[in-house]
Amino acid sequence: MLHRVAVTRSTNDDLRALALDGAPHGTAILADTQTGGRGRLGRRWDSPPGANVLLSVLVRQPIPPSRLALVTLGAAVATATTCGPAYRIKWPNDVLASDGRKVAGILAEAEWTNGVPSFVVVGIGVNVAVAPPLPTATCLDADGTVHDRDTVADGVIRGVLLWSESLVDDPRPVLDAWRARSATIGARVRVNDVEGVALDLGDDGGLLVRTDDGQVHRVLAGDVAMVG
Ligand code: BT5
């Protein structure tokens with residue numbers, strides 16, 4: 001069930017409220033504009049006027065807690081796939097155009113009840129027709145073609161549900177699909193205080209980075225900067 005709203009603070013907040021009221025797996029909210037769109041770590045997600053996707057999808061599946069971080073990775077795969085073959089993922093959740101600028105981001109928020117995850121609200125912002133005035137941002141239409149916002153939203157919803165359902169039984173398909181779309185693996189990166197070569201993903205979705213002294217560090221959260 002897809003709810004459409006014109007203006008809201010954050011579709012993630014709205015969908016969480018619906019979920020607490022018992023909304024089923026697959027419920028989604030698509031907004032034209034957000035006044036308080038959120039990124040990770042207290043950052044903002046901008047929604048300049050234009051036909052962009054500001055979307056939240058409810059995942060209510062018995063995903064083992066150890067695999068919850070993979071919901072974000074699966075959503076990033078779904079979004080990059082919908083955007084097109086040239087789009088790549090920077091760990092963990094940025095979808096980048098081939099020039100390295102960001103076209104989409106994911107904010108997945110899990111709700112816990114008595115120590116058990118009861119649902120995950122997966123928020124996805126895709127700049128379809130217009131990017132905010134940031135040097136690091138771009139939009140799908142920047143490739144010179146016009147993209148249909150509803151088609152993008154529909155592709156992302158289907159993909160998010162498909163990949164998150166696959167996590168119930170087996171984390172490997174999401175991990176492998178993410179690796180195949182990665183802009184990070186093999187690159188020299190700095191993440192938190194660690195600088196080195198990004199070797200691979202761990203089974204939990206963490207990033208394995210080999211520093212120049214040969215040690216392998218596993219990073220579970222943070223922002224990757226490409227170095228050199
Ligand atoms: C994200 O955070 O990329 C997660 C974005 C999730 C947004 C969706 S929209 C629907 C749902 N409802 C919400 O309230 N949120 C979700 P992060 O990795 O922290 O990236 C945030 C950073 O990206 C900002 O600090 C800016 O530098 C940059 N940024 C902000 N808005 C952008 C945009 N529209 N396009 C590209 N970059 C942007």
Side-chain angles (χ1 to χ4, degrees), residues 11-12 28 30-31 34 37-40 43-48 50-57 59 69-108 122-164 166-167 172-189 191 198 200-201 205 207 222-227:
T11 55
N12 268 30
L30 178 64
Q34 289 182 140
R38 287 185 281 119
R40 296 175 305 137
R43 289 185 294 236
R44 258 183 22 204
W45 185 256
D46 298 333
S47 53
N52 285 347
V53 166
L54 302 160
L55 174 72
S56 296
V57 181
V59 171
L70 306 189
V71 174
T72 300
L73 302 189
V77 171
T79 305
T81 307
T82 303
C83 290
Y87 290 84
R88 290 280 171 273
I89 306 167
K90 189 177 87 167
W91 184 86
N93 71 334
D94 287 352
V95 179
L96 308 180
S98 48
D99 64 4
R101 288 188 292 168
K102 180 165 170 173
V103 77
I106 320 280
L107 173 68
V122 184
I124 308 104
V126 187
N127 302 325
V128 179
V130 53
L134 299 170
T136 53
T138 190
C139 64
L140 294 180
D141 287 1
D143 70 0
T145 59
V146 175
H147 296 75
D148 179 59
R149 174 194 187 228
D150 280 358
T151 307
V152 173
D154 187 59
V156 172
I157 293 170
R158 285 169 193 274
V160 167
L161 295 176
L162 195 82
W163 288 114
S164 52
S166 82
L167 286 172
R172 285 171 299 185
V174 165
L175 291 166
D176 287 343
W178 192 97
R179 287 181 178 110
R181 279 273 173 177
S182 172
T184 304
I185 293 174
R188 190 164 179 89
V189 299
V191 53
D200 197 4
L201 275 182
L207 188 67
D223 286 305
V224 166
M226 306 294 197
V227 181

Rounded distance (nearest 0.5 Å) linking atom CG of Leu73 with atom OG of Ser182
10.0 Å
Restricting to side-chain contact (heavy atoms from CB on, under 4.5 Å), what partner residues turn up for Asp148, sequence neighbours left out?
Asp150, Thr151
Only counting residues at least two apart or in another chain, list the ones meeting salt bridge (Lys or Arg N to Asp or Glu O under 4.0 Å) with Arg188.
Glu195, Asp212
Partners meeting side-chain hydrogen bond (donor to acceptor under 3.5 Å, both in side chains) with Asn52 (sequence neighbours left out):
none
Name the one of Ile124, Val122, Val53 that satisfies side-chain contact (heavy atoms from CB on, under 4.5 Å) with Val156?
Ile124
Quick one: closest heavy-atom pair of Ala28 and Ile157, and the distance?
CB-CD1, 4.0 Å
With sequence neighbours excluded, give me every side-chain hydrogen bond (donor to acceptor under 3.5 Å, both in side chains) pair touching residues 81-92.
none
How about Asp200 and Ile185: do any of their side-chain heavy atoms sit closer than 4.5 Å?
yes
With sequence neighbours excluded, what pairs up with Arg44 under the salt bridge (Lys or Arg N to Asp or Glu O under 4.0 Å) test?
Asp46
Considering all heavy atoms of both residues, which atom of Ala51 and which atom of Val128 are nearest to each other, and what is their separation?
O-CB, 3.2 Å
Go through the structure and list residues passing side-chain hydrogen bond (donor to acceptor under 3.5 Å, both in side chains) with Thr79, not counting sequence neighbours.
none
Please check this pair: side chain of Ser166 against backbone of Trp163, looking for a donor-acceptor N/O pair closer than 3.5 Å.
yes
Answer yes or no: is there a donor N or O on one side and an acceptor on the other, between the side chain of Asn93 and the main chain of Ile106, under 3.5 Å?
yes
Begin with the C-alpha distance, continue with both residues' side-chain angles, and end with the deciding distance and a verdict on side chain to side chain contact (heavy atoms under 4.5 Å, CB included) for Thr11 and Leu55.
CA-CA 6 Å; Thr11 55; Leu55 174 72; 5.8 Å; no
Any donor-acceptor pair under 3.5 Å linking the side chain of Ser98 with the backbone of Ala86?
no
Quick one: list whatever passes side-chain contact (heavy atoms from CB on, under 4.5 Å) with Ala187, sequence neighbours left out.
Val189, Met226
Side chains of residues 131-144: which donor-acceptor pairs under 3.5 Å do they make with residues two or more places apart or in other chains?
residue : atom : partner : partner atom : Å
Asp141  : OD1  : His147  : N            : 2.9
Asp141  : OD1  : His147  : ND1          : 2.8
Asp143  : OD1  : Thr145  : N            : 2.9
Asp143  : OD1  : Thr145  : OG1          : 2.7
Asp143  : OD2  : Thr145  : OG1          : 3.3

Partners passing side-chain hydrogen bond (donor to acceptor under 3.5 Å, both in side chains) against Thr72 (at least two apart in sequence or in another chain)
none
Residues passing the salt bridge (Lys or Arg N to Asp or Glu O under 4.0 Å) test with Arg181, sequence neighbours excluded, are none
The side-chain contact (heavy atoms from CB on, under 4.5 Å) partners of Ala69 (sequence neighbours excluded) come to none
Considering residues, nucleotides and ligands other than Arg158, do more than 12 of their heavy atoms fall under 6.0 Å from its CZ?
no
I need the Leu201 CG to Trp178 CH2 distance, nearest 0.5 Å.
4.5 Å
With sequence neighbours left out, what residues match Asp223 under side-chain hydrogen bond (donor to acceptor under 3.5 Å, both in side chains)?
Arg40, Arg43
Nearest non-hydrogen partners of Gly123 and Ser56, listed with the distance:
CA-OG, 3.9 Å
